[in-house]
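Report on one structure; see the data block that follows.
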Amino acid sequence: MKANKLSELSIEELESKKKTILSATIGLGIVMIIACCTLFYFAITSKNFALIAVAIGSSLTLMPCFISVGQINTEIKSRKSKYL
């Protein structure tokens, strides 16, 4: 698997990649919120409280997206500080 090096991308490419990842994260986040609300509803109505743990644990799937956005932000900030 080829490593994705952020240092090889231009600032414009980093900005577009950040925009793409953020829009995908927002879309996935909205779906996850709806799914978590549905799981909470089914957990309460069926008295199967293990579904609450599943709903909370599934929110961890968004962590890689937030980590990659953070890495892109630090790369953009480090490049902008070089040019100042």
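Heavy-atom basis, side chains included; hydrogens, waters and symmetry copies ignored. All residue numbers in this chain count up from 1 along the given sequence.
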### Query
By side-chain contact (heavy atoms from CB on, under 4.5 Å), which residues pair with Ser23, not counting sequence neighbours?
none
#### Entry: Those residues that, when tested against Asn73, pass side-chain hydrogen bond (donor to acceptor under 3.5 Å, both in side chains) (two or more places apart)
Lys18
### Message
Looking at Lys5, is its backbone amide N or carbonyl O close enough to the side chain of Glu8 to form a donor-acceptor pair, meaning the two atoms are under 3.5 Å apart?
### Response
no
### Task
Mind checking the CD1-NZ spacing from Ile76 to Lys17? Nearest 0.5 Å is all I need.
11.0 Å
### Query
Do other residues, nucleotides or ligands put more than 12 heavy atoms under 6.0 Å from the CZ atom of Phe40?
yes
### Query
Taking ILVMFWY side chains as joined if any heavy atoms are under 4.5 angstrom apart, and letting links pass through other members, which residues group with Ile30?
Ile26, Ile34
### Message
Considering only residues two or more places apart or on different chains, which pairs with a residue in residues 57-77 satisfy salt bridge (charged side-chain N to carboxylate O under 4.0 Å, His left out)?
### Response
Glu75-Arg79
### Query
To the nearest 0.5 Å, what is the distance between CD1 (Ile44) and CD1 (Ile52)?
6.0 Å
## Note on the structure
Grouping ILVMFWY residues whenever side-chain heavy atoms fall under 4.5 Å, the cluster of Val31 otherwise contains none
### Query
Is Leu22 linked to Leu9 within one hydrophobic cluster, defined over Ile, Leu, Val, Met, Phe, Trp and Tyr using a side-chain heavy-atom separation of less than 4.5 Å?
yes
Can you give the donor-acceptor pairs under 3.5 Å from side chains of residues 58-71 to other protein atoms, not counting sequence neighbours?
unit_1 : atom_1 : unit_2 : atom_2 : d
Ser58  : OG     : Val54  : O      : 3.3
Ser58  : OG     : Ala55  : O      : 2.8
Ser59  : OG     : Ile56  : O      : 2.5
Thr61  : OG1    : Ser58  : O      : 2.8
Ser68  : OG     : Pro64  : O      : 3.3
Ser68  : OG     : Cys65  : O      : 2.9

### Leu51 CG to Cys36 SG distance, which is reported to the nearest 0.5 Å
11.0 Å
